Each structure stands twice: as C-alpha cells, then as structure tokens.
Amino acid sequence: MRPHLVFWISALVRILLILSGAAVCGYFWGVKVGLVLGLIGMLGLVVMQLQYLLSLSDWLDNPSSARLPDGWGAWTEIFSRLYKLRRGDEKNQAELAEWLARFRQAMTLLPDGVVIMDDVMFLEWCNPIAEHHLGLDLKRDKGMRVTNLVRTPEFIDYIILGRYETPLTLSFRDRKLIVHIIPFENRRQILVTHDVTESERIDMMRRDFIANASHELRTPLTVINGFLEIASLQPDLEVSIRSSHLKLMVEQGERMQRLVEDMLTLSRLESAEFQVRCEKIDMHAMLRHILQEGQALSAGKHQITLELEGPNLQGSSDEIRSAISNLVTNAIRYTPEHGEIKIVWKSGAQGPKLVVQDSGIGISAEHISRLTERFYRVDKSRSRETQGTGLGLAIVKHVLLRHNAQLLIESTPGVGSKFCVQFPVSRIVE
Ligand code: ADP
C-alpha cells in the first residue's frame, strides 16, 4: 500500500476511535461529558503529533541514527524511513572518506608534485613531493596565494599570462622543474611539478662529453689531413721531410687510437650490464709487471721503487691493472727527469692500500676535486705533450667505484703528488 494512504487511514482510524469513545461516554453520562472527553482526546492527539514534530526538529538539528526516536502510528513509518536514509548516508560518507584516504595515499606516492588551488590561486592541498619541490608546508601555507609562496618572476609571469597549454621550465632552489597547470571543476586548478634536475645534468654531461671528444679528435685529424694535402700537392717532397711528416701522422693516429680506446673503456665501465668480474688477482705479480712497463716508459729517467707487502684481491684483474697503470703512468709523465716514484702495496686496518707517490710537478688544491672529471686537465698543453687523453683518472674513478674502493689525492705544487687507493677488507682473498 502507498505510504500516503497508510498515513491517512491510520490518522482517520485514530480520530474515529476518539470520536466514537466520546460518543459512547456521551450516551451514558450525557452530551456535555461526551463533548469534553472528545475535545480532550483530540487535544491529546494534537499534543502527541506536536511532540513527535518536536523530536523530529531536534533530530534534524543534530542528525545521528542513534538519536532517532521510536514513533507511533504513521510516525513509526516516517522515523523508520528517516533511519534508513541516515544509515545509507553514513555508509556513503564512510565509503567517501575511505576513497579520499586512498586518493591521498596515491597522491603521496606519485613521483611528481601535485598542488590543488582554488579559482584565485589559494593553496587548498598539496602532496609531500610538491612541498619538497616548491618549499611549501601544507599546514603552514594552506589558504595562502601560491604566487606569494613561489616568488620567482618566471612563475608569476606564467600565471599572469595564463598560457597553460605550454609547460613552464622553472629554475627554483637549485632545481629544474617542469610545471604544468591544469584547470578543472569550479575554476579550480591543479599544478603539477616534475623534477628534471638529474636528467638535465646527465644531458649536459653527455653534450659536454661529445663536444670535448670531438674537439680532442679534431686536432690530430687536422694534422693528418694537413700532411696528406701537402703530400698530394707536392709529390716530389724530399725523403727526409716526407718521413718526418709520416712520423708525425703516425703519432697523431696513435693519439686518436688511445683516445678512442679510453672512451670505449669508460663507456664499458659505466654500463650497468657490464658486471665486475670476481677473479683472484695476484697483486704482487701484477704490480711487478706494471713496474716493468713504467720503467720502459721512463727509459731510465726516474728512480722507480716498489714495496710489496699487501694481500691478494678479488675483482676484475683487467680493470685493476688499467687503474693502477694509469696512476703509475701519470706519475712518470708528470715528474721531471731524475725524479722519484714510489709504488707501495700494504695492508691496513681499514683494508689494503695502494700508494703511488711522485716528486713531480704537483697539483694546486683548487684542481684536486675535479681531476677525475672526463677531459679535465690542469695544464692542457702539458697533458698533450705527455700524450694524455684526459680520461685516465676518470677511468681510475670508475674502476675504483666498481670495486668499492676510494681514491685520495694529496699534492703540493713543485713538491709532488700522492695518489692513495683504499680497498675494502671485503676485497681481500687468501
Ligand atoms: P691526462 O691524460 O691528461 O693525464 P688524467 O685524467 O690522467 O688525464 O689526469 C688529469 C689531469 O690530472 C692531468 O691532465 C694532470 O694535469 C693531472 N695529473 C694527474 N696525475 C698527476 C700527477 N701524478 N702529477 C701531477 N698532475 C697530475
């Protein structure tokens, strides 16, 4: 049956019951008594309805399913329907709160910063990454204008112009951020920040590397091309001049070959797929061999000594040989004639240590932290004279990184340099 009909029928039944009760009383005790009792009954009915209306109004002021009163007659139906509505509402709210919590958690896990702003750019909400990128603090800054919090002219201009189709590249607090603004419902806006500092740095390194490598290759190529041109234009060149040209061309060709080999070694060392081999390295035999090579390079111009006391290591024998060889070669190349070079392999509490010490030209303090950068040279012309590629110490750094070892450099200009390689105890092998 329809609810309205139930309501009307039950109200009519109640009125009829009161009226018929009053009529029966009037029949026995007189019309007046019947009228008074009928009036009292009707008044009671009205008071009861008012009482329920009052309870309903109280409940509406502070609705909670627990406080909903029990009703009588048609009120039973009304209160039970209100109760169901309220329960449904509470369930929806709980579901909504759960969704909101999940949404916030997802936003917290995003790798990008997200800021929600109202129509006039006041901060409503942001995730922790956005706090980190833009130096915000949600608790402190909520309700503040974002342009007052991110005070850079580029950002303010971007907001004023409102050309949000193209993202903004923003330099902010030593970071490079790509900023997108996306308008959404009720003229609110979402600001998304993506940190590209690291990828920009890698890009820059790659660009620098290509520029440096091209520059390094261009010089020997120019020399070779020059001599080839002379040879083709002057076929009757004197034999002695021609052979000196050929000698220079061979030298330049060798220089290019060394450079390409060093670049290939570096790229192999940097590639993640190229795992460090774990073989036993006979350090004493390796260092004796490096000493012989060093003596050949020095051609008796230096006094080179070797002290062997340290243990054997495990790692890549080729890589370790190339790193130590680079250090010894540098010591010879940057030490004038009659200088001394000491190679020491010893044990220590922190692990075995290799020291390559020379009495050469030395390096001033401001260069030391940059020596392992690719193509970094203290004195470019001297490095070329001594056939350096500028990649030797970059290779040393990568090899040592791959073997969990550390490079320490001490040097005094005019006195000499000391390159110490500290290996971890875990690399020792019996
Ligand atoms: P290069 O091929 O130019 O020697 P490296 O990467 O091996 O390149 O070394 C970088 C720079 O460090 C060199 O150009 C040189 O200026 C400096 N250097 C390296 N070893 C020594 C050393 N033992 N004494 C003085 N300077 C050194």
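Model, not experiment: these values are computed from the prediction. Atoms within a ligand are numbered from 1 in the order they appear, just like the ligands themselves. Note: hydrogens, waters and symmetry copies are ignored here, and every other heavy atom, side chains too, is used.
- Within the 3.5 Å criterion, the main-chain N or O of E340 finds a donor-acceptor partner in the side chain of S359.
- In this structure, SG in C420 is found 9.5 Å from CD1 in I409, a value given to the nearest 0.5 Å.
- Each of the following atoms of ligand 1 lies closer than 4.0 Å to a heavy atom of V378: 14 (O), 16 (O).
- When each of R87, R81, R86 is paired with Y83, the side-chain hydrogen bond (donor to acceptor under 3.5 Å, both in side chains) condition holds for R87 and for no other.
- The closest heavy-atom contact to atom 27 (C) of ligand 1, among the options I363, I409, L393, L371, comes from I363.
- The option with the heavy atom closest to atom 8 (O) of ligand 1, from among G390, G388, P413, A331, is G390.
- Contact atoms of ligand 1 toward Y376: 10 (C), 11 (C) (distance under 4.0 Å to a heavy atom of the residue).
- The salt bridge (charged side-chain N to carboxylate O under 4.0 Å, His left out) with E124 is formed by just one residue from the set R145, R188, K142; it is R188.
- If you look at L327 next to ligand 1, there are no close heavy atoms at all, none under 4.0 Å.
- Relative orientation of the W345 and F423 rings is perpendicular, given thresholds of 30° and 60° on the angle between their planes.
- Contacts between H367 and ligand 1, counted as non-hydrogen atom pairs separated by less than 4.0 Å, are absent for every part of the residue.
- Heavy-atom contacts of T389 reach the following atoms of ligand 1: 2 (O) (cutoff under 4.0 Å).
- In summary, the atoms of ligand 1 found under 4.0 Å from a heavy atom of G392, numbered by their order in the structure, are 5 (P), 6 (O), 7 (O).
- No more than 12 heavy atoms of other residues, nucleotides or ligands sit less than 6.0 Å from atom CD of Q105.
- Under 4.0 angstrom from ligand 1, the non-hydrogen atoms of F419 all belong to its side chain.
- Salt-bridge formation is not detected for the pair R258/E261: no Lys NZ or Arg NE/NH1/NH2 atom is positioned less than 4.0 Å from an Asp or Glu carboxylate oxygen.
- Within the 4.0 Å heavy-atom shell around ligand 1 one does not find N326.
- Atom CG of L168 and atom OG1 of T193 lie 11.5 Å apart (nearest 0.5 Å).
- Each of the following atoms of ligand 1 lies closer than 4.0 Å to a heavy atom of R333: 1 (P), 2 (O), 4 (O).
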